[in-house]
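Working notes, beginning with the structure itself.
Computation of the quantities below employed the complete heavy-atom set of this structure, encompassing side-chain atoms and omitting hydrogens, waters and symmetry-equivalent molecules. Letters A, B, ... are given to chains in the order of the sequence lines, protein chains preceding strands, and every chain is numbered from 1.
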Amino acid sequence: MKRNKTKLVPVPSKAMIPDRDVARAPVLECINLGITLGGIKAVEDFNFTVGRTEIAGLIGPNGAGKTTVFNLLTKVYQPTTGTVLLNGQDTHGMNTVQVNKAGIARTFQNIRLFKNLSVIDNVKAAMNNEMKYNMLSAILRLRDYRREELAAHHRALKLLSIFDMQDMADLRAGSLPYGAQRRLEIVRALATNPSLLLLDEPAAGMNPSETAELMDSIIKVHEMFQIAIVLIEHDMSLVMNICEGICVLNFGHIIAKGTPEDIQSNPAVIEAYLGRKK
Amino acid sequence: MSEQNKKEALPQNKNGASPLLKVDNINVYYGSIHAIKGISFEVKSGEIVTLIGANGAGKSTTLNTISGLLHPTTGDINFLEHSIVKIQPHKIVEQGIAQVPEGRRIFAQMTVRENLEMGAYIQSDGNEIKNDIEKVYELFPRLKERRKQIAGTLSGGEQQMLAMGRALMSRPKLLMLDEPSMGLAPILVEQIFKIIADVHKTGATILLVEQNAQMALSIADRGYVMETGKIITTGTGKDLLSSDEIKKAYLGG
Amino acid sequence: MAIKKFINLNLKQRLSLKRTEAKKIFMTYLFVIVSFAILQGMSITGTLSSTMEGMLIPICAYSVMAVSLNLVVGISGELSLGHAGFMSVGAFTGTATAILLQNLIPLAPLRLAIAMMTGAFFAGVAGFLIGIPVLRLKGDYLAIVTLAFGEIIKSIFNNFYLGVDDYGLHASMLTDTTNLASGGRMIIQGPIGISRIAKISTFTAGFILLMIALIIVFNLVNSRFGRVFMAIRDDRIAAESIGLNITRFKMIAFVTSAAIAGAAGCLFAMNYSTIFANKFDFNTSILILVFVVLGGQGNMLGSIIAAAALTILPEKLREFADYRMLLYALILIMTMLISNNDGIKYFFQKINPFRKKQEAE
Amino acid sequence: MTFLNFFINGISLGSIYAIIALGYTMVYGIAKMLNFAHGDVIMIGAYVCFYAISRYKLPAFVGVIGAVLICTILGIIVERLAYKPLRQAPSLAVLITAIGVSYLLQNSALLMWSSNPKFFKPIIARGAFKFFDGQLSISHITILTIATCVLIMIALSVFINRSRLGKAMRACSEDKGAAQLMGINVNATISLTFAIGSGLAAIAGALLCSAYPTLTPTTGSLPGIKAFTAAVFGGIGSIPGAFLGCLMLGVIEIFAKSYISSQLSDAVVFAVLIIVLLVKPAGLLGRMTQEKV
């Protein structure tokens, strides 16, 4: 389950920040990515690279195209122009399902859990592709059914325990408090064994103390799994604290890329997004 | 007629005896879930009052109960000294309460202008509606630029402006805003709060529900802090902002 | 830390989905077996009224139909208004098979079993063919198209002629051009359907079929398949995002449901001496849907009870003669109104001791 | 020339479907329910009209107006008693209730008027305009049907797009909660929608039975289902779509009846529907709404 920790190598790279992980190919490369939705260029010339264990932030005003970028990466929309390379492999022509199998998992801006399933079944559903038993085994409860279900059960509990949620395994997912639902969505995404995790406004609707807890959880996930994480977020305390690199979108264009410090002092970003400090 | 006079007199006596809105010990249930547990508060004419608290504390439920979308099992809500708990939502709008709902809920398939017209549904004078629309356009020049656009194609910030403009079209005596800053970029949050302050300057009384406690308290006269269906603290905006307890729980200090 | 605050341990145990699920499944099997034992006992001792006796097999068939439709409507969350179409396919192909095998296999139960399997097979094939276009659609569009398919199947069987003679099978559409050699037998005769059926369906066969249907459905639901069906039902987009192939799993549910319905159709048909296509029209599809909705979506026991009750009800209402269907309609409406009334729901929640404690917290 | 005759008959049948479908889709739009009882309102309308004209010898237009009034009231009553209590209920429960109402209306009709078919006297005198030496004949009722349909279409479009109440209907169909917060009386608006839909159903009933004069308690169900199918075919929620879908369906049905087989015509109609939905999943003029992610 655990990936080996990559070495930090100081080599100049296309990955924004930090200059590491580039001994091997970056996990994600977007080259001139663009899409036209309803006659409007929702995203254009999106060039973006994420290192193998990088945490990157995607920020920008509403309607700037952040979620659209996620939808392009996960093939909810097919890009009109450009290329997405995932682990060096062109994702052209793939659909959402194939992209997930190739290693991208995501959460959603508006929580999208399987509300009527139990917490653990939400996680197990995400493990469906690693279970191989067929319908006959399921109906007759043959040995491979029992073996695979048991394995899945243990792994699901283990994943839930990262967020200290193993006690809630049998509860209905829709009955969980808001913060727990956000966490469960992350666990579900992790259950598909992604190499790149996309988080769409994970702290939306949380108060500062909940956000702080979430921040710890994201760091924990990152350290445990050594995967790349890209997050969209409006909560600047979260973004500036955990992202190593930040990319700012406005009207579908990248207006700035850099470290949190760079971004915070970038006049274009202040103008379009952050607003003047009081 | 005397009723009418009283309404107009109210804005002056800001600290006068009778509050514009008085919520008196209401209990609200969703099925068997006890969502609001006996809360009481009041909003005086001309004030900005804010309800802050965590997700699920019952802030939106409170607003929806005042609007008549939900009904309290016990307790009373008085608006202009009349009980409104048994009145249907559309009648409450006629009494002078407008709500900008959480998540904006504009009519996405209608044009910006049609949305504003719907806001003026209870008005019948065509000319006045036109004047009011112009006033809203003055307040939100962006909406004027986009008046013929289908509302669903607006950006989040513009939709929030439209939702506020739409609510103002009914000429409310009390404007209730449910999480106006939700999901907006920092720069837009600032703008929206500036607009709220502007609207307040025009004489409107505002009841504001917010997650963004910092912002909300900084413009509010008074605030109430809610937690799991109860009001746990109250005070002026300034007091609450400087309270250590509040800072710790809601302001990330 | 903050999460734990919300969840009281006792509450958690009581809300555990796993336990309630297991209990429900156990109760369902128990109910079916006990009912069968009682009814069979009464039947043998002759204490069962003849009308009731005559309804046993239809009740079984409708119960199986309801369980199979519940797999689509309740578990997979797709509204299907053409389920009678699959019943029809199963009835015609299964009965035709039984007639063809009449001399070959004199043992009636075996012949019935083979007929039901054939019916299930053809209904499954029909489900697959229909599923290709239907499952690309969503919601009410899907409902309308299944309705259309039900009507198409009805039209086809209404105009289909099949006969057998020494030279083999002969089929034609619209008009009877089979021109059978002497000694041949017409099997399906257009709008008249199949007549002179040897009634080989039995209550025991119906019971066994119902048990098999329950085992298939319950075990599927409690496997990775059911989990995926329900995941897709709850949120299609999220399901895709975790790599679930929507069309494939919808198809599995749809075909399984169709095949079970086919077997039920065969059981149903072989309980009568004649069967014709109009028997399986839109109203039948709706009737089965009513079983599912009344019994509760996803609730198999409910489906079975609703199917039994609503099969018996019109018979019991017979004494009201002309007002029978009127009363039936009124009961249907009242049931829906009452079962969805918040006040009444709340009342039941209140008298339920389990809920009361939860509220107290 | 027979082709042209069939075509015009198809348009005429399609016009009747269109009037039914308008009521169906309006109700669908605002109440988000498949009102299966709509077809039976058509039947009730036709019976009222039949009794007014044939039994009480009233002038045809009085009969039609009477039918419209009674159906309007019926629509409002049904909505208030059966559907309004289920506003918050799951959509399937509402669907089943609608089916219950459909059975109720059919069986009430059966008790009141028996299952013997009634021979409906057309609302205008029989007769036809003949062209090309009588090769092409267009009956009066055909012209009346098409004209009525076009008129209703235009009136309804103007009403929904321009009038205050029409806009309120659109607002309710989008978001009832938000509409209430605007001061719109949602219940009254829904009642109004049912009233208009049922009134239209009565007109459709009179026209349908003038063209196809046998009247029984089940007369309305199949046209009701077909009209709704046609509305889906055209793109649900779009008035021009419903219109276009219904005209096409009418033409296809008449052609299938005439050139293929009258027994299989329904199968052909439904098969075409399926093919269209495969190519255009939102119907001919429907907008594909991408669910927001």
Side-chain angles (χ1 to χ4, degrees), chain B residues 30-31 60 63-64 66-70 87-111 113-126 129 150-153 156 159 162-163 165-172 175-178, chain D residues 25-26 28-30 32 80 84-90 157-193 235-242 282-283 285-293:
Chain B
Y30 282 116
S60 295
L63 286 202
N64 288 337
I66 297 171
S67 300
L69 295 175
L70 296 170
I87 300 181
Q88 285 182 298
H90 63 270
K91 297 272 186 199
I92 290 180
V93 180
E94 285 170 22
Q95 303 247 332
I97 299 181
Q99 183 185 350
V100 180
E102 186 179 353
R104 324 188 226 292
R105 292 173 69 177
I106 49 150
F107 301 117
Q109 317 259 343
M110 298 172 115
T111 64
R113 201 193 152 93
E114 281 175 328
N115 265 279
L116 293 177
E117 285 170 6
M118 288 331 304
Y121 188 79
I122 56 167
Q123 316 282 17
S124 47
D125 188 333
I129 294 177
I150 299 292
T153 62
Q159 291 190 5
L162 178 58
R166 189 180 66 173
L168 287 172
M169 288 296 295
S170 68
R171 299 188 173 182
L175 180 65
M176 303 197 293
L177 300 160
D178 197 348
Chain D
T25 47
M26 276 173 76
Y28 180 83
I30 200 160
K32 300 281 176 282
R80 273 291 142 100
K84 191 181 162 213
L86 295 174
R87 228 23 84 67
Q88 311 297 330
S157 297
V158 171
F159 173 73
I160 287 187
N161 289 317
R162 298 259 180 268
S163 77
R164 180 164 166 268
L165 280 175
K167 284 179 189 169
M169 275 183 184
R170 281 159 62 204
C172 286
S173 84
E174 272 200 51
D175 187 335
K176 291 190 188 58
Q180 280 185 312
L181 293 177
M182 300 298 107
I184 297 171
N185 185 342
V186 170
N187 285 328
T189 311
I190 293 178
S191 285
L192 176 71
T193 313
I236 206 158
S238 142
I239 290 184
L285 298 183
R287 254 179 314 190
M288 198 65 198
T289 45
Q290 177 99 35
E291 199 177 341
K292 218 166 150 97
V293 181

Measuring from atom CG of D/Asn161 to atom CD of B/Glu114, what distance do you get when rounded to the nearest 0.5 angstrom?
7.5 Å
Answer with side chain, backbone, both or neither: which region of B/Glu102 has an atom nearer than 4.5 Å to a non-hydrogen atom of chain D?
neither
Between D/Ile184 and B/His90, what is the shortest heavy-atom contact and its length?
O-CB, 3.4 Å
Testing the basics here: between B/Leu69 and D/Leu181, what is the closest heavy-atom pair and its distance to 0.1 Å?
CD1-CD2, 4.0 Å
How far does CD of D/Gln180 sit from OG of B/Ser67, to the nearest 0.5 angstrom?
9.5 Å
For the CE atom of D/Met182 and the CD atom of B/Glu117, what is their distance to the nearest 0.5 Å?
13.0 Å
Counting only heavy atoms closer than 4.5 Å, note whether B/Gln99 contacts chain D via side chain, backbone, both or neither.
both
Compare every heavy atom of B/Gln88 with every heavy atom of D/Asn187, then report the nearest pair and how far apart it is.
ND2-NE2, 4.3 Å
May I ask you to decide if B/Ala108's main-chain N or O and D/Glu174's side chain share a donor-acceptor pair within less than 3.5 Å?
yes
Taking side chain as everything from C-beta outward and backbone as N, CA, C, O, which of these in B/Ile97 sits under 4.5 Å from a heavy atom of chain D? Side chain, backbone, both or neither.
neither
Heavy-atom pair of closest approach, residues D/Ala178 and B/Arg166
CB-NH2, 4.3 Å
How far apart are the closest heavy atoms of B/Arg105 and D/Gly177, and which atoms are they?
NH2-CA, 3.4 Å
Which atoms form the tightest heavy-atom contact between D/Leu165 and B/Tyr121, and what is the distance?
CD2-OH, 3.6 Å
Just how far is it from atom NZ of D/Lys167 to atom CZ of B/Phe107, taken to the nearest 0.5 Å?
12.5 Å
